[in-house]
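Predicted, not measured: the structure shown is a model, and the values here were computed from it. First listed ligand is number 1; within each ligand, the first listed atom is number 1.
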Amino acid sequence: MQTKLLQFTDEDLRIAGQLIRDGKLVAFPTETVYGLGANALDVAAVKSTYVAKGRPSDNPLIVHVWHKEQILDIAEYISPDAEKVIDNLMPGSVTIVLPKKSVIDDCITAGLPTVAIRMPLSVQAREFLRYADVPVTAPSANTSSRPSPTTWQRVAEDMDGKISAILCGENCQVGIESTVLDLTGDEPRILRPGVVTSEMLSELLGKPVPVITDPKSKVNSPGVKYKHYAPNVPMALDLTADTQKLADYYDKLVAEGRNPVLLVEHPELFGARNTWQIGQTDQAVAQNLFENLRLLEKQYDYIIASYSSHTEFADSILNRLIRSASHHVI
Ligand code: TXA
Ligand code: MG
């Protein structure tokens with residue numbers, strides 16, 4: 001299959017929209033990461049998403065919409081909490097899980113009675129969704145288990161020849177995926193942390209909104225149990241920013257014949273060793289995280305990352321870093 005590279009022109013957006021309605025796969029930018037779009041009302045199209053990504057079919061997909069009325073077409077009801085989130089934080093980088101209507105097939109939700117719904121903030125994403133004119137399922141547009149793509153070039157790296165088109169838009173500003181907020185139970189819960197934090201949600205809803213990320217607890221967001229965000233070289237993660245420990249770890253790898261790189265906040269502390277700046281603020285770390293991993297895996301054979309921020313947003317970055325390193329914390 002030849003993958004078309006489309007631009008954000010009226011003509012190309014029409015082509016992209018038609019491809020979606022014809023049951024094809026089109027990757028598109030959002031403010032979080034690039035998504036791999038399919039017509040949510042076309043079961044065959046949705047199923048082909050799992051094939052293109054090599055994604056296990058028990059990991060459900062988020063349905064993307066561009067205006068709020070579409071939410072009632074796919075969710076059974078909007079609870080008062082859901083209404084507050086919809087009114088105040090959508091469009092935005094939050095995904096809400098609600099009871100699903102029967103129009104949403106089991107292959108989207110992996111058999112769950114609920115559906116995850118997101119209205120992206122990115123104008124380009126909403127332009128695409130408007131031209132598609134149907135609700136669009138979209139997982140991150142990477143091969144399963146790999147770091148999510150935050151530029152169209154990274155989408156092409158994984159998806160060239162496997163999907164009909166890539167909408168070549170802006171680089172993603174947020175850089176990590178949306179917060180997944182479960183609103184189906186008695187109490188709201190965060191199933192995947194993101195830039196919309198527990199603090200922000202608690203304040204809005206006037207009640208605690210815990211983050212449920214323990215993989216051993218009942219897995220309600222099935223995607224979090226799989227290997228995730230992994231570069232294709234080994235990776236170790238340090239949470240202390242202990243310069244001596246990092247330098248020793250690096251030197252030991254070099255003595256073993258490795259060519260490692262330190263992905264750190266202060267490259268200047270490591271002399272002539274290979275280093276790369278992880279980002280000077282949490283926002284910058286998030287924005288460049290997946291791109292940095294995809295860049296460094298091509299030049300080095302071991303990534304030693306160090307991250308010691310303790311803000312609330314830092315937790316969502318740590319959530320990705322720990323998985324990228326396959327829980328290898330030094
Ligand atoms: O920022 C994002 O959310 C991006 C962009 C493209 O919108 N999408 C994304 O999709 O990250 P994906 O497929 O990589 O991750 C979807 C997450 C998974 O952890 C999945 O288990 C969870 O959402 N999810 C989907 N439907 C769910 C449901 N009904 N109940 C609980 N979790 C659900
Ligand atoms: Mg993903």
Side-chain angles (χ1 to χ4, degrees), residues 25-38 40 46 49-50 52-66 74-76 90-101 104-122 124-126 128-129 135-150 154-155 158-159 167 169 172-185 188-196 212-213 215 218-230 286 290 316 319-320 323-324:
L25 301 181
V26 179
F28 64 99
T30 82
E31 77 283 7
T32 57
V33 301
Y34 269 72
L36 182 54
V46 172
T49 314
Y50 290 93
K53 276 184 63 89
R55 178 178 177 118
S57 60
D58 66 346
N59 188 2
L61 303 175
I62 296 172
V63 180
H64 294 66
V65 298
W66 69 276
I74 53 187
E76 194 55 44
M90 293 171 86
S93 306
V94 64
T95 293
I96 51 174
V97 177
L98 297 174
K100 79 173 183 78
K101 276 209 165 115
I104 296 299
D105 192 87
D106 276 352
C107 71
I108 295 177
T109 67
L112 293 171
T114 57
V115 60
I117 304 171
R118 165 157 141 77
M119 185 186 301
L121 187 60
S122 148
Q124 289 190 340
R126 278 182 291 140
F128 161 68
L129 294 169
V136 170
T137 51
S140 49
N142 52 284
T143 300
S144 196
S145 91
R146 298 272 298 141
S148 303
T150 51
R154 297 304 179 197
V155 177
D158 284 15
M159 292 297 152
L167 261 170
C172 303
Q173 293 298 305
V174 175
I176 59 173
E177 304 83 352
S178 62
T179 304
V180 178
L181 174 66
D182 180 5
L183 293 171
T184 59
R189 312 174 312 151
I190 292 173
L191 304 179
R192 181 176 68 183
V195 68
V196 174
I212 313 288
T213 49
K218 193 163 165 267
V219 180
N220 282 298
S221 194
V224 301
K225 76 182 179 212
Y226 289 106
K227 178 177 170 183
H228 235 124
Y229 316 123
F290 294 137
S316 55
N319 171 279
R320 272 66 174 189
R323 285 162 215 265
S324 295

Open item on the list: Taking the side chain as everything from C-beta on, heavy atoms only, tell me whether Asp106 gets closer than 4.5 Å to Lys100.
Closed with: yes

Task: Name of the residue among Glu177, His64, Met90 meeting side chain to side chain contact (heavy atoms under 4.5 Å, CB included) with Arg118 - done: His64

Open item on the list: Please list, in number order, the atoms of ligand 1 under 4.0 Å from a heavy atom of Ala138.
Closed with: 6 (C), 8 (N), 10 (O)

Open item on the list: Within the structure provided, determine whether Arg320 and Pro147 are in side-chain contact (heavy-atom separation under 4.5 Å).
Closed with: no

- [ ] May I ask you to identify, for Lys100, whether its side chain, its backbone, both or neither come under 4.0 Å of ligand 1 on a heavy-atom basis?
- [x] neither

Open item on the list: Please confirm whether Thr109 approaches ligand 1 to less than 4.0 Å, judged on its heavy atoms.
Closed with: no

Open item on the list: Testing the 3.5 Å rule here: is there a donor-acceptor pair between the side chains of Arg154 and Ser148?
Closed with: no

Task: Tyr34 N/O to ligand 1 N/O under 3.5 Å - done: no

TODO: Give the numbers and elements of all ligand 1 atoms closer than 4.0 Å to a heavy atom of Ser178.
DONE: 1 (O), 2 (C), 3 (O)

Open item on the list: Please list, in number order, the atoms of ligand 1 under 4.0 Å from a heavy atom of Leu112.
Closed with: 28 (C), 29 (N), 30 (N)

Task: Polar contact flag for Thr114 and ligand 1 (N/O pairs, less than 3.5 Å) - done: yes

Open item on the list: Quick test of your reading of the structure: of Leu191, Ile108, Val180, whose heavy atom lies closest to atom 23 (O) of ligand 1?
Closed with: Val180

Task: Glu177 N/O to ligand 1 N/O under 3.5 Å - done: no

Task: Donor-acceptor side-chain pairing of Thr32 and Ser93 below 3.5 angstrom - done: no

TODO: Sort by chain and number the protein N/O/S atoms found under 2.8 Å from the Mg ion (ligand 2).
DONE: Ser140 OG

Open item on the list: For a 4.5 angstrom cut-off between non-hydrogen side-chain atoms, does Pro29 reach Leu167?
Closed with: yes

- [ ] Give a yes or no answer on whether the side chain of Glu31 reaches the backbone of Val174 with a donor-acceptor pair at less than 3.5 Å.
- [x] no

Open item on the list: Any nitrogen or oxygen of Asn59 lying under 3.5 Å from a nitrogen or oxygen in ligand 1? Just yes or no.
Closed with: yes

TODO: Kindly write out the residues that satisfy side chain to side chain contact (heavy atoms under 4.5 Å, CB included) with Thr143, not counting sequence neighbours, or none if the list is empty.
DONE: Arg146, Asp158, Met159, Lys162

Task: Student check: side-chain heavy atoms of Leu98 and Glu76 closer than 4.5 Å - done: no

Task: Arg55 touching ligand 1 at heavy-atom level, < 4.0 angstrom - done: yes

Open item on the list: Assess the residue pair Val97 and Leu112 against the criterion (side chain to side chain contact (heavy atoms under 4.5 Å, CB included)); give the C-alpha distance rounded to whole Å, side-chain angles, the decisive distance to 0.1 Å, and a yes or no.
Closed with: CA-CA 11 Å; Val97 177; Leu112 293 171; over 6 Å; no

